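Everything below concerns the one structure shown next.
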Amino acid sequence: AHKAKLFEPITCKSVTLHNRVAVPPMCMYSAEDGALNDFHIAHYGSIAIRGAGLIIIEATAVEPQGRITPSDSGLWNDDQIEPLKRVVDLIRSQGSVPGLQIAHAGRKASMSPPFIGDFIVSDAEGGWADDVRGPSELKFADHYPAPKPLTKEGIKEMVQKWVDTAIRADKAGVEVLELHNAHGYLVHSFLSGNSNNRTDEYGGSLENRMRFPLEIARAVRAVWPDHKPLWVRISATDYANPDSLGHDENGWDVYQSIEYAKELKKIGVDVIDVSSGGHLSNVKYPPPSLYQVPLANAVKHGANIPTGAVGYIHTGKQAEEILEKDEADYILVGREYLRHPTWVMEAGNDLGVDLNFPKQYTWALRRAR
Ligand code: FNR
C-alpha cells in the first residue's frame, strides 16, 4: 500500500491525532439556551465514526450576547458543561480527538439562523439587538444591529469570560481549544482597522488593535492546561484589497496577520487555523478552490508556526499536495465532510492508501457480495 502524509499521525503537546484531517467548527444553530442536545449527538457521532483525526465542535459562545443567533452553542454557565461532555466523550470514544471553538459574535450577534433568514431577531423572539458589543459604533451591514463599544471595564470582564469558558471546556474533557478570532466576530473586529476606530489604547496602531485579542489569548493560555494544544482561528485578510496577498495597512491584511501570529506564538499558541474574510459585507472574494491555502502558507512561514489550511479542499490529492509542499500542517475539511461523511475513506482511495476505519464498515465493503 502507498503512504501518505495525510494519514501520518501528528503530535502536539500531549495530543496525538491519528491523521492530519480535522473537521472545522460549523455552527448548527440547534442548541437550547446554549446547551447541546440529541441533534448534536447524531451529527457529531456520524462524523466521529468516520475517521477524522480531530473534530472541532462549533463556535460556542462565552456569554449569551456572544451568540450569532439565539440557538447557538454556549458555555457561559456550568449547566452547559454536561451536555457538551456527552458530545466530547462520544467523539473520543470513536477514536477522534475532541476540540472546541470558543467565540464571541460581537457586532454580528442577535441574528436569525441562516436557514430561517437574514434578519435581526427581536427581543420578543429571544434577541438582544440593543445589547450587541463591538469595538466601535460601526455596524457590520445596514441590516445588522448597531454595536455598543466595549468600555475598558467591559474589556476586562470580557477577557475573564473567555477564561471562565476555557476552564469549563477543560472540565468537559475538550483536548484542543480553538479561539475564534476570525470572520468579523468580536476579536476580529478589534484587530481590523476596518471596524475598530477607537482612540484609546485598544485602537489605532496594530499594536493597539492587537492588545485586547492578545490579552484574551494570554489569559486563556494561563488557565488552559500546558499539555493541551491551543489553536487560534484568524481571518488573514478582510479583502478590502481584493488581492489576498495584497496590503491593507490601516485595515487587516496577511502581513498584520503574520505579526499577530508571531505574538500568539510567543504566548504559547500552538496552531493558527487560517481562514479569511467574513468581515466586510461588500468585498469580492477570490475564486474558491483552495483559495485560503496561500494565506496558510504565508502565516506558516512568515511567523514560523504550524498552520491549518481550510476552504474548498475537496480531494485527498489536493490535501496531500498541501502537506507535501509544506504549505500547512493540518487539513480542515468542512462542507465536503457534510456532503460526504466518508471523506477520509475516499481520500484514502484517492491516494491509494488502504484505510481500515471504521472496521465495522470496511470489512463489509471489501466483500465481493
Ligand atoms: C462554518 N464556518 C465556521 N467557522 C468557524 O470558525 N466557526 C463556526 O462555527 C463556523 N460555522 C460554520 C457553519 C457552517 C454550516 C459552515 C458551512 C461553515 C466556516 C467553516 O469552518 C469553514 O472554514 C468553511 O466552511 C470553509 O471550509 P469548507 O467548508 O470549504 O471545507
Side-chain angles (χ1 to χ4, degrees), residues 6 20-31 34 36 39-40 43-44 46-47 52 54-62 66-69 71-75 84 87 99-106 108-109 111-116 118 165 169 174 176-189 191 213 231-237 239 244 257 271-279 285-296 299 307-316 318-319 322 328 330-341 343-344 346-347:
L6 188 61
R20 312 287 170 100
V21 182
V23 177
M26 285 184 280
C27 283
M28 291 290 118
Y29 312 107
S30 300
L36 303 186
F39 166 79
H40 303 91
H43 165 63
Y44 289 106
S46 74
I47 296 175
L54 171 67
I55 298 171
I56 306 177
I57 298 169
E58 66 202 83
T60 292
V62 302
R67 293 171 294 175
I68 304 166
T69 82
S71 33
D72 283 24
S73 169
L75 193 52
L84 170 64
V87 176
L100 177 75
Q101 184 184 58
I102 62 174
H104 192 296
K108 292 174 80 176
M111 296 297 287
S112 55
F115 44 74
I116 293 179
D118 183 23
T165 304
V174 169
V176 174
L177 188 68
E178 176 170 276
L179 308 181
H180 198 346
N181 289 359
H183 303 162
Y185 299 116
L186 185 67
V187 176
H188 183 182
S189 70
L191 288 170
W231 291 32
V232 172
R233 172 167 268 203
I234 63 167
S235 280
T237 173
Y239 296 112
S244 67
S257 296
V271 176
I272 310 292
D273 176 2
V274 184
S275 187
S276 68
H279 190 216
Y285 286 72
S289 185
L290 307 179
Y291 75 113
Q292 292 172 150
V293 176
L295 297 169
V299 172
T307 58
V310 61
Y312 289 90
I313 300 170
H314 281 186
T315 69
Q318 289 174 338
I322 291 165
Y330 299 85
I331 302 295
L332 292 99
V333 179
R335 283 161 298 180
E336 203 57 13
Y337 224 96
L338 301 182
R339 272 188 210 103
H340 302 284
W343 194 86
V344 168
E346 288 165 27

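In listed order, ligands and their atoms are each counted from 1. If you read the sequence from its start, that first residue is 1, and numbering goes on from there. The structure presented is a predicted model; accordingly, all values stated were derived computationally and were not measured. The figures that follow rest on heavy atoms only: side chains count, while hydrogens, waters and symmetry mates do not.
- Other residues, nucleotides and ligands contribute over 12 non-hydrogen atoms within 6.0 Å of the OH atom of Y291.
- For ligand 1, the atoms closer than 4.0 angstrom to any heavy atom of G311 are 26 (C), 27 (O), 30 (O).
- Residue contact annotation: A182 has no non-hydrogen atom under 4.0 Å from ligand 1.
- Less than 4.0 angstrom separates some heavy atom of P24 from each of these atoms of ligand 1: 21 (O).
- Residue I313 places every heavy atom at 4.0 Å or more from ligand 1.
- Using bins of under 30°, 30° to 60° and over 60° for the plane-to-plane angle, the ring pair F115/Y29 lands in the perpendicular bin.
- Below 3.5 Å of separation, one finds an N or O of A59 facing an N or O of ligand 1.
- In this comparison of A22, P25, P288, the heavy atom closest to atom 1 (C) of ligand 1 sits on P25.
- Across all their heavy atoms, R67 and A109 have their closest contact at O-CB, 3.2 Å.
- In this structure, the protein non-hydrogen atom closest to atom 31 (O) of ligand 1 is G334 N, 2.9 Å.
- You'll find the side chain of W343 reaches within 4.5 Å of the side chain of V21, heavy atoms only.
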Side chain to side chain contact (heavy atoms under 4.5 Å, CB included) between V23 and L54, worked out: CA-CA 6 Å; V23 177; L54 171 67; over 6 Å; no
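- At the top of the distance list for atom 18 (C) of ligand 1, counting protein heavy atoms only, stands M26 CG, 3.9 Å.
- In this structure, P25 and H180 have side chains that are not in contact, with every pair of non-hydrogen atoms separated by 4.5 Å or more.
- For atom 22 (C) of ligand 1, the candidate residues are Q292, R233, H180; the nearest heavy-atom contact is made by R233.
- For ligand 1, the polar-atom distance check finds no N/O of S275 at less than 3.5 Å from any of the ligand's N/O atoms.
- The aromatic rings of H183 and Y185 sit perpendicular, their planes meeting at an angle over 60°, well past the 30° parallel limit.
- Ligand 1 has an N or O atom lying under 3.5 Å from an N or O atom of C27, backbone or side chain.
- Residue contacts with ligand 1, taken as heavy atom pairs separated by less than 4.0 Å, do not involve E336 at all.
- Remark: ligand 1 atoms within the under-4.0 Å shell around heavy atoms of Q101 are 5 (C), 6 (O), 7 (N), 8 (C), 9 (O).
- For the pair V176 and I56, the minimum side-chain heavy-atom distance is 4.5 Å or more.
- With atom 29 (O) of ligand 1 as the reference point, the heavy atom nearest to it among R335, R339, M28 is part of R335.
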Pair H340-H314, side chain to side chain contact (heavy atoms under 4.5 Å, CB included): steps then yes or no: CA-CA 10 Å; H340 302 284; H314 281 186; over 6 Å; no
